[in-house]
Participant: 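Sharing a structure, written as structure tokens. Questions coming.
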Amino acid sequence: MSTPFICRQCLARLTQSRIKPLRSKRFQLHTQAVSTSAPQPPWVFPEEQRREPSVEVTRDLESQLPPSHSLLVSQTSQDEPVVEQKAQWDGHIKKFVPRHRPDVAAVARESQVTNSQELKGKILQCVGNYHIVREDLMRMYGLSPEEARHAVNQLERLLWGRFSRVDAAERLDLFHLWKKHFNKLLHISKSSTEGEAHPTMQDLGTVKDMWHRLSQEKRKALWPQIIVTAFLLDPGTLSSLVQATFQASCCPSYAVEDLVYLLLRRPLDKIQDSRRQQIIELVFFLLENSPPRYLVLEQMTIWKIMPWLPTSRVAQLYEALKRIEAPLHPNTLLQFASRLARDSKFKVQAADAIHSFSSMPGSDINSPAAASVCTTILMLEEGAELPDDDAAPDELFKMLLDAGFRPNLLSLTALMRNFCVRGRVEIAWSIFNLLIERGNEPDDYVFSTLLNGSKRSLDVKSLQYSVDMIEARRRWSPRLVNDLLGFVYQDNESLGIQRRRQRKSISGKAWRMMVRAYAKFFDLAPLQKLTLFPLENILAPGSNNQVPAHLKEVNQIIAPLLPRPDALLMQPDSVTLGLMLKAHVRSINSPQVLQAYYRHFEKLFQEGDRTVIKLVEEKRTLIHDIFLRDIMQFRQTLDSGLRMVQDMHNKAKREKYELGKNVLHPPPSVHTYTILMNGLRNHWQTRGVITALNMMVKKGIEPSIVTWNIVIGTLLRANHPEQAVRVMRYLEHIGMQSNDRTVREVTRMPTYRRKWVGFLMRTMSKRPADYGDLRVFAESLLDIWKKRERDKQIADQMPMKTVRRILKDDSETETSSTASADAT
């Protein structure tokens, strides 16, 4: 008899026959030389999880197989005889029939399981469709629907791959044991009132050292038990214990996920601050020390943590989840994008989150919620720092377009505003042209954005385009007229004339020009209430209409505008009246007239004039700040400015005591104190500046970077560089970034002083410093004058004989030093 041909696929099956008997109906050779039948084992494992030997393994074992003509498979069942087949191949290859998959539908129809063994058998027959056992998991472990859904996800990752039947059973046994403990911990966490515990570093070091001495097998077996014991006995030490013993290779991922879920089960607002911070730091520790695809946190867990994190930590959380490839729900990605988009430093991460959102099935980046987030990404808050190259609006816009974003009117306006803030008005106009080409009709906000961009860059040509388009569409509104008046005021303020009389004269001409523009659109009566002379004198044909040279181009744009009929005149809002009053007060060159205007304002306020009351209600301290700024320009009215601020404090305190809140008497703001300190600085009142700083700190007002720049400039000009450098070091300590104004305060000094400041900064940076809190640091700046007063008291108490001796010694020392220098 000739030797039959055996293909490589048959060799692979014969290789399996050395491990376990072949089943004739499932595994037939192409030669049909052998047919066997083996009893079905009691534990059937899915075929998808069976590892087929590779071709290389087959080649290694091929030499160990017996000759093919001697292959005789023993009969495994006495009732089934061996069927004789021809050993010679007949030339026809029969199709290979794979093993029949278990009927998943039949498994789903099975009755409810009653113990862990039945549950284990049902899980193994699911063939990856573990959602079939979700109700069984809820019943066996007392889980909620959400918890059971997460447990199904854990099962999918636990049994992922091709494990043997024994290995899979062992994994399920450990899973079952942990879920039994998890059921008990769920009831404890509902009413847990754990105390605060702080293990010492020595204790943690000892635990960590002892833990790592154990073998990896022991650590795998002991870690879940240690966590359960710590949760039951001393939950306060749980976070520290996990950080000392956690290792991804020894800790089951499902146990770590359930632990985080248990710690965050209670609302974080009902947990002590220190305990809440421990839990948050533990979550970050686990994310940073986990390999990819190890942890899958519940979306509700992430949602609970985010409100308690600053934006920088939210960005760290997003990057950590992204690194471990944790699946994020579309709503979670939108939450991340929404939080990160509010800060210009993290707009790139926000765009990345919205890009990931758009790539998920069923997600629409042009839905109302997603489009709102995209608009926030493109928008730059007022006063925010300008974005760098990566977060430039055009780059972000490209990222959103790549994600399928179709911009609407609001998002295009936000993009235009970003370019206007960065001084790129020409690009903003290009976007405006694109908006027109798409058939979108620009609204007031679009035109206001262009007018503000023109005002920031003082671009008269852009202003001309904006006014022409608004006039052609007859779209003038109080908002747009305010922007036009603001351009005139800003252009006049940008001159930077140092001489007060000349500056006041030019401001008066700009004020009259603004009144003429105001009268074309607004009712004159509300503004007339705030002035002490008839405004018709400015509007009369024979009045002085002289325009400053720097405003002639702007006047050529405003003069041709036609005035509205009296019936169509608009009522000015608080922004309009505040701007006009500011421009008028800037033009007053007499302290007596200025005080008369302030008394007039106080009289209207006491009489309950509705225009003035509305100004105070909507603009808070704006009116006081306007008068304070110009009152502090005159030396003879410095005391009046100080009394004004103190009077604001007293009235605000009285009103809050009577009503419980401030309605008509707002307390001085940080802007108010900054104006006060700048006025004192201009009159060389160094001690007054530091005293005002201490006053505002004691009132609980946080100084801004503008306030600190005034303090730095005052100390440098008064020849106190050590204290000025201390202030700059303190700003670094509290994380406040300096700006161009801070650098300008230093660079305006002579060269030798700049070098001395640089030397002091290098020296102090090498020494540790304890600044204390803000109040302590502000009080320490007054030590300059306290030391002077002590020295003066000591000098006054010295006998005249002692003074003459000190002066004599100093004179001799100076003479000897001069002689030494000459000899050299």
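Side-chain atoms are counted along with the backbone in the values below, which use heavy atoms only and exclude waters and symmetry mates. What you see is a predicted model, and the numbers here were worked out from it, not measured in a lab.
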Participant: Give a yes or no on whether a salt bridge exists between K651 and D647, defined as a side-chain N under 4.0 angstrom from a carboxylate O.
Facilitator: yes
Participant: Thinking salt bridges, do K582 and D630 make one under a 4.0 Å N-O criterion?
Facilitator: no
Participant: Determine whether a donor-acceptor pair (N or O, by modelled atom type, separation under 3.5 Å) exists between the side chain of Q490 and the backbone of L458.
Facilitator: no
Participant: Is any side-chain N of the basic residue among E655 and K661 closer than 4.0 Å to the acidic one's carboxylate O?
Facilitator: no
Participant: What residues, two or more places apart in sequence or in another chain, satisfy ring-ring contact (aromatic ring centres under 6.0 Å, His included) together with W511?
Facilitator: H584
Participant: K520 and E471: salt bridge (charged side-chain N to carboxylate O under 4.0 Å, His left out), yes or no, with the steps?
Facilitator: CA-CA 13 Å; K520 292 183 178 183; E471 182 70 10; over 6 Å; no
Participant: Quick one: CZ on R717 to CG on N682, what's the gap to the nearest 0.5 Å?
Facilitator: 6.5 Å
Participant: Quick one: side chains of residues 559-571, donor-acceptor pairs under 3.5 Å with protein atoms, not counting sequence neighbours, listed by atom name and distance.
Facilitator:
| unit_1 | atom_1 | unit_2 | atom_2 | d |
| --- | --- | --- | --- | --- |
| R564 | NH1 | L568 | O | 3.2 |
| R564 | NH2 | W476 | O | 3.2 |
| Q571 | NE2 | D523 | OD2 | 3.4 |

Participant: Compute whether any side-chain donor of one residue and acceptor of the other, for S507 and R586, lie under 3.5 angstrom apart.
Facilitator: no
Participant: Between E617 and R610, does any NZ, NE, NH1 or NH2 come within less than 4.0 Å of an OD or OE carboxylate oxygen?
Facilitator: yes
Participant: Which pairs, with at least one residue in residues 718-746 and sequence neighbours excluded, count as a salt bridge (charged side-chain N to carboxylate O under 4.0 Å, His left out)?
Facilitator: R681-E745, R729-E732, R741-E745
Participant: Can you sort out the partners of H733 under ring-ring contact (aromatic ring centres under 6.0 Å, His included), two or more places apart, ordered by chain and number?
Facilitator: Y771
Participant: Quick one: ring-ring contact (aromatic ring centres under 6.0 Å, His included) partners of W756, sequence neighbours excluded?
Facilitator: F759
Participant: I'd like to check the ring-ring contact (aromatic ring centres under 6.0 Å, His included) partners of Y673; sequence neighbours left out, ordered by chain and number.
Facilitator: H649
Participant: Which of parallel (below 30°), tilted (30 to 60°) and perpendicular (above 60°) describes Y518 and F522?
Facilitator: tilted
